[in-house]
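Below is one structure. I have some questions about it.
Below, read A as the first sequence line, B as the second, and so on, with proteins coming before strands; counting in each chain starts at 1.
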Number of protein chains: 2
Amino acid sequence: MVTYFRRMDDDRVFKALADPTRRFLLDLLFAREGRTLGELESAVEMTRYGVMKHLRVLEDAGLVITRRSGREKFHFLNPVPIRQVHDRWIDKYTERHVAALVDLKNELETER
Amino acid sequence: MVTYFRRMDDDRVFKALADPTRRFLLDLLFAREGRTLGELESAVEMTRYGVMKHLRVLEDAGLVITRRSGREKFHFLNPVPIRQVHDRWIDKYTERHVAALVDLKNELETER
DNA sequence: AAAATAGGTGACCATATGGTCACATGTCAA
DNA sequence: TTGACATGTGACCATATGGTCACCTATTTT
């Protein structure tokens with residue numbers, strides 16, 4: 001029960017990952033970092049305000065890091081919180097097995 | 001945009017992880033697997049129905065696997081979807097660096 | 001067979017969340 | 001310095017989500 005409350009902090013990370021649009025924004029930044037709001041906006045079927053709100057959520061969660069330059073704001077993906085999610089439920093010992101299993105699954109699925 | 005829609009499937013995994021109670025249930029199963037509903041219920045301040053609903057969501061997402069025996073139902077943690085989340089935004093090359101960084105962070109924080 | 005135990009369903013309600021709009025600020029170019 | 005560009009804010013609304021309750025089924029025990 002202690003854990004229950006202590007962990008409430010990373011609520012923001014999981015809440016941020018819960019929305020498909022936000023995950024897609026992370027995908028875009030994963031493919032190529034340093035994008036501006038306008039650039040991201042054009043990739044999603046949504047108004048600028050919606051995208052901004054999503055980016056705000058991602059930034060608050062620490063999943064996206066920004067850097068301003070003049071009137072532009074560049075967005076970068078931060079993988080650290082993702083790794084922490086991983087480490088929460090996959091310990092060092094089982095990691096090898098699980099990773100191998102997932103890799104195998106991917107191979108089998110792409111082979112077809 | 002293709003990715004955007006193709007990935008809609010794992011919506012369930014992220015939605016499942018979005019709730020603190022569900023994450024706590026995963027913590028409980030991570031600590032010791034094979035728990036029954038009644039056992040999990042007593043660890044959370046919530047009615048049995050709430051816990052059941054959460055377990056259902058976790059099961060639908062594939063994060064929890066169950067096995068019935070008589071009138072009891074045992075719950076087990078499945079780490080595979082967690083690993084898939086990891087692999088989506090952390091590639092093989094940066095994994096080493098990120099993992100080392102997170103480990104270092106943990107050391108520094110527990111040292112104090 | 002009756003009672004107790006373990007789990008399950010559908011409806012219901014308060015609140016949280018995603019998305020848009022009107023309006024506003026700061027920066028660059030002509 | 002005027003206009004265009006890039007990003008920001010607060011209010012607002014429809015829908016999704018978490019939690020409870022009344023009621024129900026299946027299995028074990030006495």
| request: For D:dT17, take OP1 and OP2 only and decide whether either is under 4.0 Å from a side-chain N or O of B:His54. | output: no
| message | Once side chain to side chain donor-acceptor pair (under 3.5 Å) is applied, do any residues pair with B:Asn78, and if so which ones, sequence neighbours excluded? | response |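 Applying side chain to side chain donor-acceptor pair (under 3.5 Å) to B:Asn78 gives none.
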| task | Under the side chain to side chain donor-acceptor pair (under 3.5 Å) rule, collect the residues that match up with A:Arg96, sequence neighbours excluded. | result |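 Not a single residue meets the side chain to side chain donor-acceptor pair (under 3.5 Å) criterion with A:Arg96.
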| Who passes side-chain contact (heavy atoms from CB on, under 4.5 Å) against B:Val57, sequence neighbours left out? |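 Listed in chain order: B:Ala16, B:Arg22.
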| task | Report the distance from atom CD of B:Glu72 to atom C1' of C:dG8, rounded to the nearest whole Å. | result |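 The distance from CD of B:Glu72 to C1' of C:dG8 comes to 15 Å, rounded to the nearest Å.
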| End-to-end axis angle, where each axis spans five pairs of the helix from C:dA1-D:dT30 to C:dA30-D:dT1, to 10° | 30°
| query | Which atoms form the tightest heavy-atom contact between B:Leu55 and B:His75, and what is the distance? | reply |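 In terms of heavy atoms, the two residues are closest at CD1-NE2, 3.6 Å.
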| said: Distance check needed: D:dG18 P versus B:Phe24 CZ, whole Å only. | reply: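 Distance check: B:Phe24 CZ to D:dG18 P gives 17 Å.
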| field | Rounded distance in Å - CZ (A:Arg12) to P (C:dA16) | value |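 From A:Arg12 CZ to C:dA16 P: 16 Å.
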| field | Base versus backbone protein contacts along nucleotides 20-30 of chain D [heavy-atom cut-off under 4.0 Å; B, S, -] | value | BBBB---BS--
| field | Sub-4.0 Å heavy-atom contacts from residues 31-42 of chain A onto DNA chain D, ordered by number | value | A:Thr36, A:Leu37, A:Gly38
| task | Can you tell me the distance, in whole Å, between the CZ atom of A:Phe14 and the P atom of C:dT17? | result | 15 Å
| field | Results of side chain to side chain donor-acceptor pair (under 3.5 Å) for B:Arg32 - residues two or more places apart only | value |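 Residues passing side chain to side chain donor-acceptor pair (under 3.5 Å) with B:Arg32: B:Glu39.
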| note | Of A:Lys15 and B:Met52, the one whose nearest nucleotide on DNA chain C sits closer to the 5' end is B:Met52
| Does A:Asp60 have any salt bridge (charged side-chain N to carboxylate O under 4.0 Å, His left out) partners at least two apart in sequence or in another chain, and if so, which? |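 Applying salt bridge (charged side-chain N to carboxylate O under 4.0 Å, His left out) to A:Asp60 gives A:Arg56.
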| Just how far, in rounded Å, is C1' of C:dG19 from CZ of A:Arg22? | 12 Å
| Starting at CG of B:Asp60 and ending at P of C:dG8, how long is that distance when rounded to a whole Å? |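 Checked: the CG to P distance equals 12 Å.
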| query | Mind checking what makes ring pair (Phe, Tyr, Trp, His ring centres under 6.0 Å) contact with A:His54, not counting sequence neighbours? | reply |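 Partners of A:His54 by the ring pair (Phe, Tyr, Trp, His ring centres under 6.0 Å) criterion come out as none, since no residue qualifies.
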| message | Applying the side chain to side chain contact (heavy atoms under 4.5 Å, CB included) criterion to A:Leu58, which one of A:Leu77, A:Leu63, A:Ile65, A:Thr66 satisfies it? | response |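 That would be A:Leu63.
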| For B:Glu72, what residues pass the salt bridge (charged side-chain N to carboxylate O under 4.0 Å, His left out) criterion, not counting sequence neighbours? | none
| said: Starting the side chain at C-beta, find the nucleotide from C:dA6, C:dG19, D:dG19 nearest to B:Asp19. | reply: D:dG19
| said: In this structure, how many angstroms lie between the P atom of C:dT17 and the CG atom of A:Leu58, rounded? | reply: 14 Å
| said: Using the side-chain heavy atoms of B:Lys73, tell me which of these nucleotides is nearest: C:dG8, D:dG19, C:dG18. | reply: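 For B:Lys73, the side-chain atoms sit closest to C:dG8.
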| side chain to side chain donor-acceptor pair (under 3.5 Å) partners of A:Asp103, counting only residues at least two apart | none
| field | Contacts of type salt bridge (charged side-chain N to carboxylate O under 4.0 Å, His left out), residue A:Glu59, not counting sequence neighbours | value | A:Lys73
